[in-house]
Amino acid sequence: MGYNFLEIEKKWQSYWAKNQTFKANNKSTLPKYYVLDMFPYPSGAGLHVGHPLGYIASDIYARYKRHKGFNVLHPQGYDSFGLPAEQYAIQTGQHPNLTTETNISRYRKQLDKMGFSFDWSREVRTSQADFYKWTQWIFLLLFDSYYCKKTNSAQPIEKLVAHFETHGSVNLNAVCDKKTSSFSRDEWIGFSHLEKQEVLLMYRLAYLSESEVNWCPDLGTVLANDEIVSGVSERGGYLVTKKKMKQWSMRIGAYAERLLEGLNHLDWPESLKEMQRNWIGKSIGANVSFDIQDHEGKIEVFTTRPDTLFGVTFMTLAPEHPLADIIVSDEQKTEVAAYVEASAKRSERDRTADVKSISGVFTGSYAIHPLTKEPIPIWIGDYVLAGYGKGAVMAVPCGDQRDFDFAKHFNIQIRNIFEGADITNEAFVEKRKIKIKDSDFLNGLDYEEAMIKVIDRLEQEGSGEGTINYRLRDAVFSRQRYWGEPIPIYYKNGMPVALKPENLPLVLPEVEQYLPTPEGAPPLGNATSWAWDTVYEKVVHNSELNETSVFPLELNTMPGWAGSSWYFNRYMDADNQQVFVSKEAVDYWQNVDLYIGGNEHATGHLLYSRFWQKFLFDLNLLPVDEYAKKLINQGMILGSSAFIYRKKGTQEYVSKNLIKEFEVEPIRVDISMVNNSDELDLEALKKWHPQFSNTSFILENGVYFVGREVEKMSKSKYNVVNPDLICEQYGADTLRMYEMFLGPLEQAKPWNTAGISGVHSFLKKLWKLYHKSEEFHVSDGAASKESLKSLHQTIKKVTEDIENFSFNTCISFFMICVNELTTQKCNEREVLEPLAVLLSPFAAHLSEEFWQLLGHNTSISLASFPVYEPSYLVESSKNYPVSFNGKMKFTVELSLELNPKEIQEIVMNDERTQKQLQGKVPKKVIVVLGKIINIVS
RNA sequence: GCCUUGGUGGCGGAAUUGGUAGACGCGUUGGAUUCAAAAUCCAAUUCUUUCGGGAGUGUGGGUUCGAUUCCCACCCAAGGUACCA
């Protein structure tokens, strides 16, 4: 029988569940430790071997911390709102909630099989009303707040109203979405209620504004970028254009500086922090405004190089720029209109990524240089994005490569304002080490001096100002979807009004159809009873209004990132019905000590959640303004897809090594039909899909070999490996250890089941070491010196490596240790007891079984982690090879310390060294840490 | 395009952070055990060689007594690129 992992694992999983072994307590005298995983989206494909990688790592660390005497919070839940469930609903009519519930119960079964030490009593689901009630509540707080630049924090909107009532807009230092006209105290008081609301909306942290969306007229809906494949909709293949729509947005831009600065204090991967820094994209420069010849208004640009203002030879507006169709001359009208229309069909990424093809169109109008008063031609170019800076640039061809290319292409003047720079073939983009010429009062100055001087002049003349620009855009918060949190807003006279917190949750209504309404309203518009029930009952009967007209509710829902922006706080106090998290709980748990998840969330979830945390901190609802002290990105486990090759236009398939002889197209096949030598099971293929039942194959030596390609693991690529099968075949402990053994946690790596037997036989070996003819066999005698040395070496290395999250090398040390103990025929309790605890974060079930066999009647998770004893690890002298002239190598026996005399003796007494030296004394002997490294003659 | 990461045997990966490149595992080969197979155990395994050696960490340079490690340029792959999660 031997190591019966199925029985052992089942036994301990039910023991842990029954005894609630991993339930965390909100009151404890122990120090706290909060280990968090990014909660999964429960997809229909089930959990694949890639998902558990991070969960295993966090579980190892959570179990390790429990052994080290911490009160560990290690929760899990589901990010259960999302697009796939909705798309499935559109296709099948099945309610997304049903799909989601089914998927969740499947996920839970799979997770349970792997023996994770999650505290399931704190489970959260973002799609459940008792959770999204609080997501809506946070939305209301954002709606009722503005950002005060004086206190540098969010403040209640009443404070803003109070300011308007006493000072008007004078001396106001608040972030708003556009330039507001200034007004006095009396004017404010004179405003109608509607006018007041209109002003306030420009300051709220959750606000309504026009933003651009991917619009598909044929489907009558907004599409995610993911739903667009090469310019057309994935569903139906219809044309997609851009369209402006009134959308809810989050004023994350107000937090740009704090989000940037906060990174400096986080123990997150440098690369990820760098990504966030670049995403926020702080740049220092100036806003400059240009008058327009024969037109009202001004064109404002942001530039990081105001020092090159005298090098401006043209301006470029984004095609979406509001002035674009106003300033265009009559003769250019058709050309401009065609260009604007064409670029509306191009995606933003396409526009910026494509640097090779230069496109643009002249508007026929001229701006006036603010200092020289010269006319400057105004162009439109789609490399300028409406959403960045001011949506317009002043072009300085001599100092910017893209401006240079544009000018060359359209034959626009290039003016060199850099002393001694050669700009015949490319722009001079270097900022330093050059002086400016032909620039009036800036002549002879360098970059820094010119920056200060020109900004000074612009400010004096009122045509510009020094400013800081962030690339970070405010986050669009509306989705024209069904399966998301309803936004707790209704409209009165076209103005958004917040529901009262006591009326939350605003529950998702039932609908017949998950598609937009025929009138083009979002899917929630299909609800028949919702508006009546919710708004009439809650708003009218609570006498918010005493009229019985229709109150339209907001029909958009929240985006996927809403719930995930604060869920980690909810785990601290998941059952609380009164508050989103009690003060008591959050004061104890504070924040996440270790957060493990993929770096694909770097500029999405990980930025939005920091923003919400800072916001809630500003309102004194949370004690810290960063929620995750340490973050680790686990690398993605990639799948190894299998391909067969069809001869073009035929039903003949060619084995992999013969494809060069034919013109073929690759087709994915399910990897379950391919063995470890890449041989395809042809019978299985014929059964797999009817299209293969009547095909012929060109084989190599009677075998069809498939091609392989490493890519993201996904159901649609037929390359998913299911962890359940592995748990059945080898056990969860093997899977846990193998996933860790596969490679460094942070690195992406392809899944390969081939190596799993090595880890499995390690566990079998350990089992056998302490079993004699099926009976547990342990000696109470003293262990040998060698055994203790092996043990303590392993304790030392494994402890160090757990602390460094280098779990793959831990497994190697375990293997070496068990091999050594097997050779030493070690079976002493003295060794097994600490070894079982050492192993328990990894092979959680097996070590628990050993713990019981050793006579303990409590869970091994209560045992304390072993500490190594240095006296067992005394180093003996070692043979070190010494390289001579970098070529010849010989070996000398060295003790740990060397003095020059000893070195000389070693060198002189070695025959081969002497042969090489030919009697000469070496010039130099390099010794590092007591080792001779090199001898130079 | 831009931002970030990675590239070491047949494969996954080690390398005390500038000091014996290839730990550990898989695979392969040979052997032991067995009627046989599975399982298990032992040994070999970077390539090349005229058996002296030679080459070798994506490519090409550089710094250094010494480079997988540091610097410069390039090639390739993965993730993100603002409505997938």
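Throughout, protein chains are lettered first and strands after them, A, B, ... in sequence-line order, and every chain is numbered starting at 1.
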Q: Any side-chain N or O of Asn225(A) less than 4.0 Å from the OP1 or OP2 oxygen of C84(B)?
A: no
Q: Could you please name the option among C26(B), G80(B), C83(B) that lies closest to any side-chain atom of Ser757(A)?
A: C26(B)
Q: Regarding Arg481(A), tell me which of base, sugar-phosphate or nothing describes its non-hydrogen contacts under 4.0 Å with the strands shown.
A: base
Q: Would you compute the distance between atom OG1 of Thr352(A) and atom OH of Tyr388(A) and round it to the nearest 0.5 angstrom?
A: 12.5 Å
Q: Mind checking if His605(A) touches a base, just sugar-phosphate, or nothing, with heavy atoms under 4.0 Å?
A: nothing
Q: Would you mind reading off the distance between Ile252(A) atom CD1 and C83(B) atom P, rounded to a whole angstrom?
A: 11 Å
Q: Could you report the tightest heavy-atom contact between Asn278(A) and Arg471(A), atom names first, then the distance?
A: O-NE, 3.3 Å
Q: Which label fits U69(B), syn or anti, where anti is any glycosidic angle not within 90° of 0?
A: anti
Q: If we call it a pair only when both distances are under 3.5 Å in a Watson-Crick or G-U wobble match, what pairs with U64(B)?
A: none
Q: So that I can tick it off, tell me whether Glu274(A) and Arg277(A) are bridged by a salt bridge, with the cut-off set at under 4.0 angstrom between side-chain N and carboxylate O.
A: yes
Q: Given that Thr352(A) and Thr823(A) both sit by RNA chain B, which one's nearest nucleotide is further toward the 5' end?
A: Thr352(A)
Q: Tell me if a side-chain donor or acceptor on Arg351(A) pairs with a main-chain N or O of Arg346(A) at a distance below 3.5 Å.
A: no
Q: What nucleic acid atoms does Arg471(A) come within less than 4.0 Å of, heavy atoms only: base, sugar-phosphate, or nothing?
A: base
Q: Which is more 5' along RNA chain B, the nucleotide nearest Met815(A) or the one nearest Ser806(A)? Just name the residue.
A: Ser806(A)
Q: Give a yes or no on whether a donor-acceptor pair under 3.5 Å exists between the nucleobase atoms of C83(B), that is its base, and the side chain of Gln480(A).
A: yes
Q: Taking a pair as Watson-Crick or G-U wobble with both distances under 3.5 Å, which nucleotide is matched to G18(B)?
A: none
Q: Take atom CD1 of Ile228(A) and atom P of A82(B), then tell me their distance rounded to the nearest Å.
A: 10 Å
Q: State whether the number of non-hydrogen atoms from other residues, nucleotides or ligands found under 6.0 Å of Tyr88(A) atom OH is greater than 12.
A: no
Q: Give me the ring orientation class for Phe762(A) and Phe814(A): parallel if the planes are under 30° apart, tilted from 30 to 60°, perpendicular past 60°.
A: tilted
Q: At less than 4.0 Å, is any side-chain N or O atom of Lys764(A) found next to OP1 or OP2 of U40(B)? Yes or no.
A: yes
Q: Output yes when at least one side-chain N/O atom of Arg351(A) is less than 4.0 Å from OP1 or OP2 of G1(B), else no.
A: no
Q: With heavy atoms under 4.0 Å as the rule, sort Ser43(A) into base, sugar-phosphate or nothing.
A: nothing
Q: For Tyr482(A) and Tyr514(A), take the angle between the two ring planes, folded into 0 to 90°, and tell me which bin it lands in: parallel under 30, tilted 30 to 60, perpendicular over 60.
A: perpendicular
Q: Under a 90° cut-off about 0 for the syn range, is G52(B) syn or anti?
A: syn
Q: Would you mind telling me which of C24(B), A82(B), C83(B) lies closest to the side-chain atoms of Val213(A)?
A: C83(B)
Q: Does any nucleotide pair with A85(B) by Watson-Crick or G-U wobble geometry, both distances under 3.5 Å, and what is it?
A: none
Q: How would you label the contact of Gln247(A) with the nucleic acid (heavy atoms, under 4.0 Å): base, sugar-phosphate, or nothing?
A: base
Q: Heavy atoms under 4.0 Å, any strand shown: does Ile756(A) hit a base, just sugar-phosphate, or nothing?
A: nothing
Q: Using atom P in both nucleotides, what's the gap between G13(B) and A23(B) to the nearest angstrom?
A: 15 Å
Q: Taking the same atom, P, in C3(B) and in G54(B), what whole-Å distance lies between them?
A: 44 Å
Q: For residues Glu820(A) and Ser790(A), report the shortest heavy-atom separation together with the two atoms involved.
A: OE1-OG, 2.7 Å
Q: Which nucleotides of nucleotides 2-14 of chain B have their base under 4.0 Å from a protein heavy atom (B), which only their sugar-phosphate (S), and which neither (-), written as one string 5' to 3'?
A: -SSS-----SBSS
Q: Looking across every strand, which nucleic acid part, if any, lies under 4.0 Å from Asp350(A) by heavy atom: base, sugar-phosphate, or nothing?
A: nothing
Q: Considering every strand shown, what is the Watson-Crick or G-U wobble mate of A55(B) when both distances are under 3.5 Å?
A: U46(B)
Q: Considering Watson-Crick and G-U wobble pairs with both distances under 3.5 Å, what does C41(B) pair with?
A: G31(B)
Q: Mind telling me if G80(B) is syn or anti? Syn here is a glycosidic angle within 90° of 0.
A: anti
Q: For Tyr608(A) and Trp561(A), take the angle between the two ring planes, folded into 0 to 90°, and tell me which bin it lands in: parallel under 30, tilted 30 to 60, perpendicular over 60.
A: parallel
